[in-house]
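Heads up: numbering here begins at 1 and tracks the sequence.
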Amino acid sequence: MSVKKALPEALLNGSVMDFDSALKVVGEYGSEQKKYLYAFSLLNFFIPMQIIGLVFIGREPPVTCQNPHSESACSSTDVCNKYIYGNEFTSIVSEWDLVCDKSYKVSQLQSYLMVGVLLGNFVFGGVSDYIGRRSTFIFALIGLAVVANLSAFTHSLFFFCFLRVCIGFFVGGVGMVAYVTITECVGSSQKVFAGSMFQGVFSIGIMGFALMANFLRDWRYLVVASSFPFCFFIFIYWIVPESSRWLASQGRISEAEDILLYIAHKNGNEVKKSAIELVVPSKTISSTKSYGYTDLLKTPVFRKEMLIQAFSWFTCSLVYYGLTLSAGDIASNAYISVALSGLVEIPGIFFCVWCMDSLGRRKCMCLSMITGGFSCFLVIAFSQSGEFGKSVSVVFALIGKMGLSAAFSVVYIYSCELIPTVVRNSGIGFCSICARIAGILAPMATSLGFFNMYALFGFTSVISGVLNLKLPETFGMTSPESIDDVENRTTNKQPTSTTMVDSETVHDMEERISMLQNTDTSVT
C-alpha cells in the first residue's frame, strides 16, 4: 500500500478546503451550472433593448408643418401649430411632438435612464452583499418587468420620463447581480467562457433589437415586445439557488455545502457530504459584521486596486458610448447601422476569450484598451484625408469600439476575480457607478469638438491600459474571500486566508498520515 495513493482519498473524507477546491470536487462547469448560465444569458438578450431602446422609439420621423406658408417644420419665422409626420414608423417624437425646440428632450431621456442605472448599481450592489444574490435579483427583475411594460401604455411624457429612470434603476440591479451570480457558481477555469458568453449574448441582443424594430414600426408594440419577455424569467428564482460562495463568505457554511452537494448531484458526480468541508477564517464570517462601500477604500492595497478598476470602468464606458454616438450612421439604413454596431462587438469578445487564457487578464486588458486608444488617434489622422480618409476613419472608429467592447468583457471578469467575495457586489456596484457616470458624460464630450473629443478618448484609453499593468494577475489564482486576502496577495502567492486551518485540524491530519505510514510499513 502506497502512502501517496492513499493520502488524497483519506484527506478527501473530512478534509477542509477553500471554495475553488470545493468546486473542483462538485464540477467546475457541469450541467447544473450550464443551466444557470443559459438562463441568465437568455435574459441578457433583452437587456440591451432597454438600454438602447431610444435609438428606435426615440427616432424622429419625416416631419412637415400643416401650415402651408411655413418653409420648414422648424421655421424660425413661422410658428407651427400642428406637425404632420410620415407613416413609415411611429415614435415618442411623433407621440409628444418632440421636434424643433423640444428635440433635446429625447437625449435627456437617455440621460435619465443612465442616472437610473447608476442608482441601481449603487443600491442593489450593497443590498445583494447584505441579503444575498437571489432575493435581490428577483426583486429587481419583477420591478423591471412591471415598469418596462408599463411604459408602453402611458400617455404622459412626464410619467414616461419617470419610468425611464425606474427602468434604468432595475436594469442596473438585474444585470449586475446576474453577472456576479454566474461568475461565483463556476470554477476559475470557466469564468472567462461564462462571462464572455454572458456579454456576447448582450451584443446579439443589439442585433435582435434592430431586427425586431424593423418589423414592429409602432413604438408601443416594440416596447411591449422587448419588455414582456422579462415576465417569463421569474422562473429563475426556482431553478437558481443562492450563491454558495456568498453563503460561505457570510459564515453560513452548512447551507453553502448543501448547495454544493446539490450541484454535484445534478452534475452526475457522486460526492459524499463528508467530502466537502469548507473552511472560512473568522474574519470572513459576517454574522457580526456587514461589509459595504466604505470597506472598498479602507486598506492601502485594496484601495489602489479599486481606484484603478474604477478608472478602467469609467474609461470603457466613456469611450464605448462616445464612439457609438460620434461614429454616426455607418450605413444608410438605421436598422443595419444598429445591427452592425452590435456585430462589431462579437470579434472583440472572441478575442478576449483567447487572450485572457493565453496572455492573462492584465495583459489582455492593457492590449484592448491601448488598441481602442490608438484607433481613436487614427480616426483623427485619417479624417483629414478626403472622402476615402473619412471612410477609413469610420473603420478605425469601429475597431476602437471593438477594442473597448473587448475591454468591457475583460474588466467584468477581472474585477470579479480581484474583488473579494465579502464585498464583491459592492465593488462591482462601485465600478458600475463610475461607468454610468461616464455614460452620462459621453454625449457631452461631443461639445469639445471632433479633435478634442477623439484625443480625450485616445488618451484616457491608453492611460487606463497602462495603469492596469499595476494590478496583479488573477489567471490561475484562487479568488480572494476576504479583504485580508487582497492585502496579503502577491503575484506568486495564493491568498492565504482561505487555506488556514486550526491546530486541531493539523493534528488530525498528522494522525491520519502517521496511521497510513504504519499501515504501509506493515503491508510491506
Side-chain angles (χ1 to χ4, degrees), residues 52 55 107 110 199 203 206-207 308 311-334 336-352 354-356 359 362-411 434-435 437-470:
I52 67 167
V55 170
S107 59
Q110 183 64 30
Q199 296 295 324
S203 301
I206 295 176
M207 294 185 285
I308 293 175
F311 183 69
S312 296
W313 284 64
F314 179 91
T315 301
C316 284
S317 182
L318 177 70
V319 182
Y320 177 87
Y321 287 111
L323 290 176
T324 302
L325 294 172
S326 61
D329 289 335
I330 54 179
S332 58
N333 188 300
I336 295 177
S337 298
V338 174
L340 287 176
S341 70
L343 179 64
V344 75
E345 297 179 13
I346 297 178
I349 295 172
F350 276 111
F351 166 76
C352 80
W354 168 83
C355 183
M356 278 191 281
L359 302 179
R362 179 174 57 184
K363 291 181 180 179
C364 187
M365 186 68 186
C366 176
L367 181 61
S368 299
M369 296 294 287
I370 291 179
T371 298
F374 277 106
S375 295
C376 291
F377 293 140
L378 291 173
V379 169
I380 297 174
F382 281 95
S383 63
Q384 308 298 323
S385 305
E387 291 299 323
F388 175 76
K390 290 181 179 179
S391 299
V392 175
S393 67
V394 171
V395 173
F396 279 115
L398 290 175
I399 293 175
K401 187 182 180 185
M402 181 177 65
L404 268 298
S405 66
F408 246 139
S409 297
V410 178
V411 78
C434 296
I437 293 174
I440 295 171
L441 296 177
M444 304 178 188
T446 57
S447 63
L448 299 175
F450 181 85
F451 179 87
N452 292 333
M453 178 183 65
Y454 276 96
L456 173 65
F457 294 161
F459 279 117
T460 52
S461 297
V462 172
I463 292 172
S464 179
V466 173
L467 284 176
N468 272 271
L469 295 177
K470 299 289 185 180

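- Atom CD1 of Ile346 is separated from atom OG of Ser405 by 9.5 Å, given to the nearest 0.5 angstrom.
- Applying the side-chain hydrogen bond (donor to acceptor under 3.5 Å, both in side chains) criterion to Ser464, with sequence neighbours excluded, gives Ser312.
- Applying the side-chain hydrogen bond (donor to acceptor under 3.5 Å, both in side chains) test to Thr315 and every residue at least two apart in sequence or in another chain returns nothing.
- Shown here are the side chain to side chain contact (heavy atoms under 4.5 Å, CB included) partners of Gln110, two or more places apart in sequence or in another chain: Leu54, Leu113, Met114.
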task: Kindly indicate, with the supporting measurements, whether the criterion side-chain contact (heavy atoms from CB on, under 4.5 Å) is fulfilled by Leu398 and Val395.
output: CA-CA 5 Å; Leu398 290 175; Val395 173; 5.8 Å; no
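- The shortest heavy-atom contact between Val319 and Cys376 is CG1-SG, 4.2 Å.
- For the side chain to side chain contact (heavy atoms under 4.5 Å, CB included) test, residues two or more places apart in sequence or in another chain that qualify with Leu378 are Phe382, Phe396.
- For Phe459, the ring pair (Phe, Tyr, Trp, His ring centres under 6.0 Å) test picks out Phe377, with sequence neighbours left out.
- Within the structure, every pair that satisfies the salt bridge (charged side-chain N to carboxylate O under 4.0 Å, His left out) test and touches residues 399-411, not counting sequence neighbours, is listed here: Glu345-Lys401.
- For Ser317, the side chain to side chain contact (heavy atoms under 4.5 Å, CB included) test picks out Tyr321, Phe408, Ala435, Arg436, Ala438, with sequence neighbours left out.
- Remark: Gln199 pairs with no residue by the side-chain hydrogen bond (donor to acceptor under 3.5 Å, both in side chains) rule, at least two apart or across chains.
- Partners of Leu467 according to the side chain to side chain contact (heavy atoms under 4.5 Å, CB included) rule, which considers only residues two or more places apart in sequence or in another chain, are Ile308, Phe311, Ile463.
- Residue Ile206 comes nearest to Ser341 through the heavy atom pair CG2-OG, 4.0 Å, listed as atom of the first residue, atom of the second, then distance.
- Among all heavy-atom pairs drawn from Ala406 and Gly348, the shortest one is CB-O, 3.3 Å.
- The shortest distance between side-chain heavy atoms of Leu441 and Phe314 falls below 4.5 Å.
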Without placing hydrogens or testing angles, list every side-chain donor-acceptor pair under 3.5 Å for residues 363-372, not counting sequence neighbours.
unit_1, atom_1, unit_2, atom_2, d
Ser368, OG, Cys364, O, 2.9
Thr371, OG1, Leu367, O, 2.7

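- The structure places OH of Tyr320 at 13.0 Å from CE of Met402, a figure rounded to the nearest 0.5 Å.
- The distance from the CG atom of Leu404 to the OG atom of Ser409 is 11.0 Å, given to the nearest 0.5 Å.
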